[in-house]
> 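Sharing a structure here in C-alpha cells format.
Just so it is clear, the model here is predicted, and its values are computed rather than measured. Whatever order the structure lists ligands and atoms in, that order sets their numbers, starting from 1. The analysis underlying the following values was restricted to heavy atoms, covering all of them including side chains, and did not include hydrogens, waters or symmetry mates.
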Amino acid sequence: MDEGRYACVRLFSGLDKPLTYSVPARFAGVVRAGCIVRVPLRGGVGAGVITRLSSSPEEAGKFKIRPILELVQNLRALTPDLLDLAFWIKDYYASSMQSVFESMIPAVVRSGRGELALKEIHMPVRPDLGVLESLRRRAPRQYEIVSFFLANSSPVLKSELCDKFSLSAVDSLVDKGVLKETSRRVKRTAYDDELSSAETIPSSGHVLNDEQSAAFSDISKLLDSKKYATHLLYGVTGSGKTEIYIHAMRKVLSEGGSCIFLVPEIALTPQTVGRLRSRLGDCGAGLVVWHSGLSDGQRLDAWRDLADGSARVVVGARSCIFAPLSNLRLIVVDEEHDTAYKQDKAPRYNARDVAVVRARLCGALCLLGSATPSLETLYNTKRKKYSVSRISKRIDGCVLPTVMIADMRREKGGAVLSRLLLDKLADRLDKGQQSILFLNRRGYAKVYECPDCGYVAECPHCSVSMTWHRGRGIVKCHICGYEARAPMLCPKCGSERAKWRGYGTQKIENLIADAFPSARVGRMDADAMRRRDDYRRVLGDFRRGKLDILIGTQMIAKGLDFPRVTLVGLVDADISLHMPSFRAAERTYQLIVQVAGRAGRGDGAGEVVIQTRTPEAIPIQYAKRDDMESFLEEELQNRKEFAYPPFRRIVRQLFKSRNPDKLSYYAEEFAKAAEKRLGNICEIRGPSPAPIEKIEDFYHWQLWYFCGNVSAVVSELVKLRAEFPLDEDVSDVLDSDPVD
Ligand code: ADP
Ligand code: ZN
Ligand code: ZN
C-alpha cells in the first residue's frame, strides 16, 4: 500500500496524546504531515494536526481505526521545521501540545471557519443511466443530490448543499467521482494595517556607509553559506541597522527565499513597518503585516498567502515566528533584548530563542539586532556561538547625546522635576525644539499613607498599593485592574493627614502644565491610549510639530525616530534600578541607552537628563561616561561571580493557591522532593514568597532551579510533578528562562 495510509493526529482539545486514523482515498496525496484535519472521536468530532504519516498503524492498540473525516485547510499549517519546533517548545517549556498548537496556529485557521464556505461542489458530467439507476435503488439520499445537480448545472457552495443534504452522502458522491469538490478562494479586503499610510517613510534606499557595508558583507557571506547561523548586529540607535536588515531581506527575496521580521510590539514600531513596506514593495514577494487588529477573515487570508508562498515576508510580534513560510532563509529579531518577546502564559516561550531554534531547524540565518544586547546574547558572541558585527557610529556623524545626571537628593522639598530638567525644558521651548519625558509608571500618585494609624491603601485582592488616577477620582490596582473611589480621609482612623506619595505620568503632565502653561503637551500611556487610533494620533501630532513635549511610559522608549527631539528626561531611573531582580542593572542600562537614543536623531545635538537618588549606581555612572562596553564587562563579571545567567540557566517553578498555609507547606515539601531527585543536576533555591505575593486573591511562592541544561531539569521536573501527591488547592507552573 502507499506511504500515507495512516496518520498520527494530535488533537487541539481533549486527549493530549497521539491518535491513529486512516487516510481515505479521496485525500491520498493531499494530506501531509502538518495538515489540520477533523476526525471522529468517541461521541463527536475533533480537530487536530497530523504529526506523521505512515504505511502501518502505530499507536492504535486494540481500537478500531477510523478514517479522517475532513481536511480543514488544504494548505499545511505546520511545515516540517514547525512540526519539529512544536515538539521542542512542548519539551523545553514544559507545556501541553495543545497550548503549543494554540500559540502556533491562529484560531481562525484551526477552526476552518471562513474556509468551508469557499468549497464548491459541482457535477462535471451527467452520470450514465446505469449509475443513476443503481443510486436510485441503493442510495436514495445520494440519488436526491444527483437529481438536484441534474436540474442545476452550476457549482454550489458545499456549506449550502449540506444544509439541504447529508454531508456523508455528498462526500460519498465525491469519493465515487460523480461529484467534484473544488476550493474557490475569495480574497478579502487587503490586510493593510491602520499604521501604514500615516507613517510611511520615503522609499528610496541608501548607499551603505563603510561600517554598514562591512556588516552587510558579513551577513551576505552567512546567507550564501546556506547553513544555520546566528549573527548579532550590535549598533547604537540610529546607526543604520534597519537599513542593513532591509538589504539582507532584499537579497533573500531576490534569491527566492522568504523572511520573518520580528519586532517586540507592532503598534509601537509603525515607522519600521512603514519603512519595510515601502522598501520591500518592489521585490514582488508580497508582505504581510501580522498584528492584533486583523479581523478573522483578514488573518485567514494573510495566513494563506504565507502558507502558499504568495507572500514571502512577514512582519510582526512574537507569534509571527510561527508563520508557515517555506524556504525560510532569514529571521530578523529587532531589539532582541526586549522582554516583550517572552510570552507570559503557557507556553512561556521567548520568541528570540525560538527564532534561533527555528533557524537551526531549517538551516536559515537568525539575525539579532540591538543597541543594547542582552547579556545572554553577548555571552554567546563571546563563546563564538554567535558571530557579531559592530556599528559604532551614528549615520552622517550625528553625535550621541550628552548624558547628565540630576541628583534628586539635592532637590528641595521632594521635587519631582529637577531644576536642571526644568531649565533644559524651558530652553527647548524657547528654541522651538521638542522634548520627551519618560516615566515607567502611570497614574497620578502611587501610595496613600496615613501617618497617624499607618494605613496604606492596598488592593484588596493583590499585595500592591493602589494608584491614584486623579482625573477620574478613583484608585486603581495596576495588577488586577480593581477600582474604587479615591479616599478623602484615612478610611481607618478618619485622619485628614493621610497623604499621597509618589507620582506617575499623569502627575508629570500636571506639573508641566503648571510650569509651562503655554507648552503643548501629549501623554502616551496605557490610560491615555484606550483605542488603537490614539497612538497614531499622538505620534502624528508630535511628528508634525503640533506638540512640544511628549510624556510617556516605556511605550515611547522603543524604536521611534523624531528628528526634532533634542532633549530626553528619564524622570525616575531608580524604578528599574531597585527592581528585586539580578537583572536590575541590565534593565537600567538598556532603558537609559534606549531612551537616550530618542534624543538628537536629527541635526540638533541631543541631551539626556537622568533623575536619580542613587547617582553612584553602576549603570548610571557608565551611562554618564558613555561607556556601556565597560558596563557590560563588569556586569558579566558580577553574574559570573554569583553564577547567575548567562553563566547558568534558570527554571522557575511558581506555586499558586488561595490558601497561604497550604501553599507554603506544599512548596516546601516539593522542594525537599526536588532536592533528592534533581540535587545532582542543579542548584535549588527557595521556596520563598514571590515579589508580589498576592495577585487576584491567589498567593504565590516560587522555587528556582539554577542549572546548565534546562531540558534535563524540565524533563525530570515534569516526571516529579506527575508522581508528587496532588493538592487540589495548589497549582504550579514551570517557566524556563524567566525574564523577571
Ligand atoms: P537603527 O535601526 O540602527 O536605529 P536606521 O536604519 O533607522 O538605524 O537609520 C537611522 C537613520 O539613518 C534613518 O533615518 C535612515 O533612513 C538613515 N540611514 C540609514 N543608513 C543610511 C545611509 N547609509 N546613508 C544615509 N542615511 C542612512
Ligand atoms: Zn489613619
Ligand atoms: Zn489588585
> Testing Arg501, Arg497, Lys499 one by one against Glu449 for a side chain to side chain contact (heavy atoms under 4.5 Å, CB included), which residue passes?
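It is Arg501, the one option of Arg501, Arg497, Lys499 that forms the side chain to side chain contact (heavy atoms under 4.5 Å, CB included) with Glu449.
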> Could you tell me whether the Zn ion (ligand 3) has an N, O or S atom of Cys462 under 2.8 Å away?
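Yes.
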> Looking only at non-hydrogen atoms, which of Ser213, Gly240, Ser370, Ala371 approaches atom 9 (O) of ligand 1 most closely?
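The nearest heavy atom belongs to Gly240.
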> Could you tell me, atom by atom, which parts of ligand 1 come under 4.0 Å of a heavy atom of Asn209?
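Going through ligand 1 atom by atom, the ones under 4.0 Å from Asn209 are 23 (N).
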> Looking only at side chains, do Thr467 and Lys446 share a donor and an acceptor under 3.5 Å apart?
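Note: Thr467 and Lys446 side chains meet the donor-acceptor criterion.
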> What atoms in ligand 1 come closer than 4.0 Å to a heavy atom of Val207?
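By the 4.0 Å cutoff, the relevant atoms are 22 (C), 23 (N), 24 (N).
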> Check whether the side chains of Arg352 and Ser374 place a donor and an acceptor atom closer than 3.5 Å, and report yes or no.
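A donor-acceptor contact under 3.5 Å links the two side chains.
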> Does the side chain of Thr377 pick up a donor-acceptor pair with the side chain of His337 at under 3.5 Å?
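Result is no, nothing qualifies.
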> I need the contact type for Leu208 against ligand 1. Using non-hydrogen atoms and a strict under-4.0 Å cut-off, is it side chain, backbone, both or neither?
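Answer for Leu208: backbone.
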> Calculate the angle formed at the Zn ion (ligand 3) by SG in Cys480 and SG in Cys459; 10° precision is enough.
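About 110°, to the nearest ten degrees.
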> Assert yes or no for the condition that the ring centre distance of His206 to His247 is strictly below 6.0 Å.
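No, they do not, as the ring centres are separated by 6.0 Å or more.
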> Tell me the angle that SG of Cys490 and SG of Cys453 form around the Zn ion (ligand 2), rounded to 10°.
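It comes to 100°.
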> Inspect the contact between Lys342 and Asp735 and indicate whether a charged nitrogen and a carboxylate oxygen are less than 4.0 angstrom apart.
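Answer for the salt bridge query: yes.
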> Against ligand 1, does Gly238 come closer than 4.0 Å with any heavy atom?
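Heavy atoms of Gly238 do come under 4.0 Å of ligand 1.
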> Of all the atoms in ligand 1, which lie at a distance below 4.0 Å from a heavy atom belonging to Val236?
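What qualifies from ligand 1 is 3 (O).
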> Run down the list Arg275, Glu243, Arg279 and name the one with the heavy atom closest to atom 13 (C) of ligand 1.
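Nearest heavy atom to atom 13 (C) of ligand 1 lies in Arg275.
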> Between the side chains of Glu335 and Ser370, does any donor sit under 3.5 Å from an acceptor?
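Not at all, the side chains of Glu335 and Ser370 share no donor-acceptor pair under 3.5 Å.
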